[in-house]
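For reference, the structure discussed in these notes is given below.
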Amino acid sequence: MTHILIVEDESRIITFLEKGLQASGFITTPAMNCAEATAIALDSNIDLLLLDLSLSGQNGLDLLKNLRGQGFQAPVIILTARNGIEDKVAGFELGADDYLTKPFRFEELLVRIQARLRTSQVPSEPKVSRLTHGDIVLDLRTRRVSAGGELIDLSAREFTLLETFMRHPDQVLSRQHLLDLVWGYGHEPGSNVVDVYVGYLRKKLGGNLIQTERGMGYRLVTSSL
Ligand code: CA
């Protein structure tokens, strides 16, 4: 199922969009501010983002810049009453894929969404790049993970964490090192977010895969294969 994140601060418009998109077979999640939108975009499997620019004092362009900076790759369609050329240029420069001004017709939005989803599903790199570990296969191109042939549903962050472990099998990786690699520069030291996400991976892939090395960090175990 295709999952669309709707970033919009007017509940009337959210209701209108959700109703139409769900009737067209999409799963939708609304977010009314930048913090909420960032959390959902980075931690769920989002296929497309609809982005309003005037968000109750917050700027949707800042959100876009931030998300692209953190590796968010799904197509973004800006949906806004702001129709100045500066906003359009800034939007495209920051990584938007399309721009539609309000008021808009739902039919037009739907056609644009479908066009974007088609383009984004065309693989841009033909070379196959996959990592394997036992029966776990991680496809870097499609960003899909399977274990024993079964597709495992991972968020973008969980995927990157697993990828990091699989690139360093049997090595002890410290929490700080994982924070730097997966969450990026500027993350609060001492945060327990790594432990939380290792817990998520264990829940989805089995408890023995990632071993806790007391006082040092975590290790992707190969001996148990
Ligand atoms: Ca608005």
Inset, instruction - With the side chain counted from C-beta on, respond yes when Gln70 and Trp183 share a heavy-atom pair under 4.5 Å apart, and no when they do not. - result: no
Legend entry - Salt-bridge present (Arg68, Asp97; N to O < 4.0 Å): yes
Inset, instruction - Mark yes or no for whether Glu158, through its side chain, and Ser155, through its backbone, hold a donor-acceptor pair below 3.5 Å. - result: yes
Legend entry - Asn33 versus Glu36, closest heavy-atom pair with distance: OD1-N, 2.8 Å
Inset, instruction - Check Leu140 against Arg167 and note the closest heavy-atom contact, atom names and distance. - result: CD1-NH2, 3.3 Å
Legend entry - Joint hydrophobic cluster, Ile85 plus Phe104, side-chain heavy atoms closer than 4.5 Å: no
Legend entry - Backbone of Tyr99 reached by a side-chain donor or acceptor of Lys88 within 3.5 Å: no
Inset, instruction - Report yes if the side chains of Tyr197 and Asn192 come closer than 4.5 Å at any heavy-atom pair, otherwise no. - result: no
Legend entry - Value rounded to 0.5 Å, distance of CD in Gln114 from OG in Ser24: 7.0 Å
Inset, instruction - Please check if Val145 and Met1 belong to a single hydrophobic cluster, counting links between Ile, Leu, Val, Met, Phe, Trp and Tyr side chain heavy atoms closer than 4.5 Å. - result: no
Inset, instruction - Start with the C-alpha distance between Leu109 and Leu50, add both sets of side-chain angles, then the distance that settles side chain to side chain contact (heavy atoms under 4.5 Å, CB included), and finish with yes or no. - result: CA-CA 10 Å; Leu109 175 65; Leu50 288 182; 3.9 Å; yes
Inset, instruction - Ignoring hydrogens and angles, state whether a donor on the side chain of Asp43 or Tyr200 is under 3.5 Å from an acceptor on the partner side chain. - result: no
Inset, instruction - Compare every heavy atom of Gly20 with every heavy atom of Phe106, then report the nearest pair and how far apart it is. - result: CZ-C, 3.2 Å
Legend entry - Between CZ on residue Phe16 and CG on residue Leu21, distance to nearest 0.5 Å: 9.0 Å
Legend entry - Lys204, NZ: over 12 other non-hydrogen atoms inside 6.0 angstrom: yes
Inset, instruction - Flag the pair Leu209 / Leu220 as yes when at least one side-chain heavy-atom distance between them is below 4.5 Å, and no otherwise. - result: yes
Inset, instruction - To the nearest 0.5 angstrom, please state how far the OG atom of Ser146 sits from the CG atom of Asp135. - result: 8.0 Å
Inset, instruction - Verify the cluster assignment for Val76 and Ile46: are they in a single hydrophobic cluster under the rule of side-chain heavy atoms below 4.5 Å apart? - result: yes
Inset, instruction - Please tell me if the side chains of Ile113 and Ile77 come closer than 4.5 Å, counting only heavy atoms from C-beta onward. - result: yes
Inset, instruction - Find out if a path of hydrophobic residues (ILVMFWY) with successive side-chain heavy-atom gaps under 4.5 Å connects Ile4 to Leu51. - result: no
Inset, instruction - Using only heavy-atom distances, determine whether the side chains of Thr142 and Arg130 contain a donor-acceptor pair under 3.5 Å. - result: no
Inset, instruction - Please confirm whether the backbone N or O of Arg82 pairs with a side-chain atom of Thr80, one donor and one acceptor, at under 3.5 Å? - result: yes
Legend entry - Flag side-chain contact, heavy atom, 4.5 Å: Ile6 against Leu49: no
Inset, instruction - For residues Glu18 and Pro30, report the shortest heavy-atom separation together with the two atoms involved. - result: OE2-CD, 3.6 Å
Legend entry - Side chain to side chain, Phe72 and Leu5, heavy atoms closer than 4.5 Å: no
All N/O donor-acceptor pairs, side-chain side in residues 55-64, below 3.5 Å, sequence neighbours left out:
{"residue": "Ser56", "atom": "OG", "partner": "Asp9", "partner atom": "OD2", "Å": "2.8"}
{"residue": "Gln58", "atom": "OE1", "partner": "Cys34", "partner atom": "N", "Å": "3.0"}
{"residue": "Asn59", "atom": "OD1", "partner": "Leu61", "partner atom": "N", "Å": "2.8"}

Inset, instruction - Measure the spacing between CG of Leu178 and CZ of Phe165 and express it to the nearest 0.5 Å. - result: 4.5 Å
Legend entry - Residue pair Leu67, Leu42: steps toward the side chain to side chain contact (heavy atoms under 4.5 Å, CB included) verdict: CA-CA 8 Å; Leu67 286 179; Leu42 296 180; 4.1 Å; yes
Legend entry - Thr222 and His133 side chains, donor-acceptor separation under 3.5 Å: no
Inset, instruction - Give a yes or no on whether Glu150 atom CD has more than 12 heavy-atom contacts from other residues, nucleotides or ligands under 6.0 Å away. - result: no
Inset, instruction - Among residues two or more places apart or on two chains, list those pairs meeting salt bridge (charged side-chain N to carboxylate O under 4.0 Å, His left out) that have a residue in residues 192-201. - result: Arg175-Asp195
Inset, instruction - Might you work through the side chain to side chain contact (heavy atoms under 4.5 Å, CB included) test for Ile78 and Phe92, ending with a clear yes or no? - result: CA-CA 9 Å; Ile78 292 175; Phe92 283 115; over 6 Å; no
Inset, instruction - Please tell me if the side chains of Leu205 and Ile136 come closer than 4.5 Å, counting only heavy atoms from C-beta onward. - result: yes
Legend entry - salt bridge (charged side-chain N to carboxylate O under 4.0 Å, His left out) partners of Lys102, counting only residues at least two apart: Glu8, Asp52
Inset, instruction - State whether Asp98 and Arg112 are salt-bridged, where the test is any N-O pair (Lys NZ or Arg NE/NH1/NH2 against Asp/Glu carboxylate O) under 4.0 Å. - result: yes
Legend entry - N/O donor-acceptor pair under 3.5 Å between Asp47 side chain and His3 backbone: yes
Legend entry - Steps toward side chain to side chain contact (heavy atoms under 4.5 Å, CB included) verdict (Tyr218, Leu201): CA-CA 12 Å; Tyr218 292 104; Leu201 287 182; over 6 Å; no
Legend entry - Pairwise distance CG(Leu161) to CG(Leu154) - rounded to 0.5 angstrom: 9.5 Å
Legend entry - Euclidean distance, His177 NE2 relative to His168 NE2, rounded to 0.5 Å: 5.5 Å
Inset, instruction - Ignoring hydrogens and angles, tell me if any N or O in the side chain of Arg202 forms a donor-acceptor pair with the backbone of Ile210 under 3.5 Å. - result: yes
Legend entry - Cluster check Leu131, Leu173: I/L/V/M/F/W/Y, side chain < 4.5 angstrom: yes
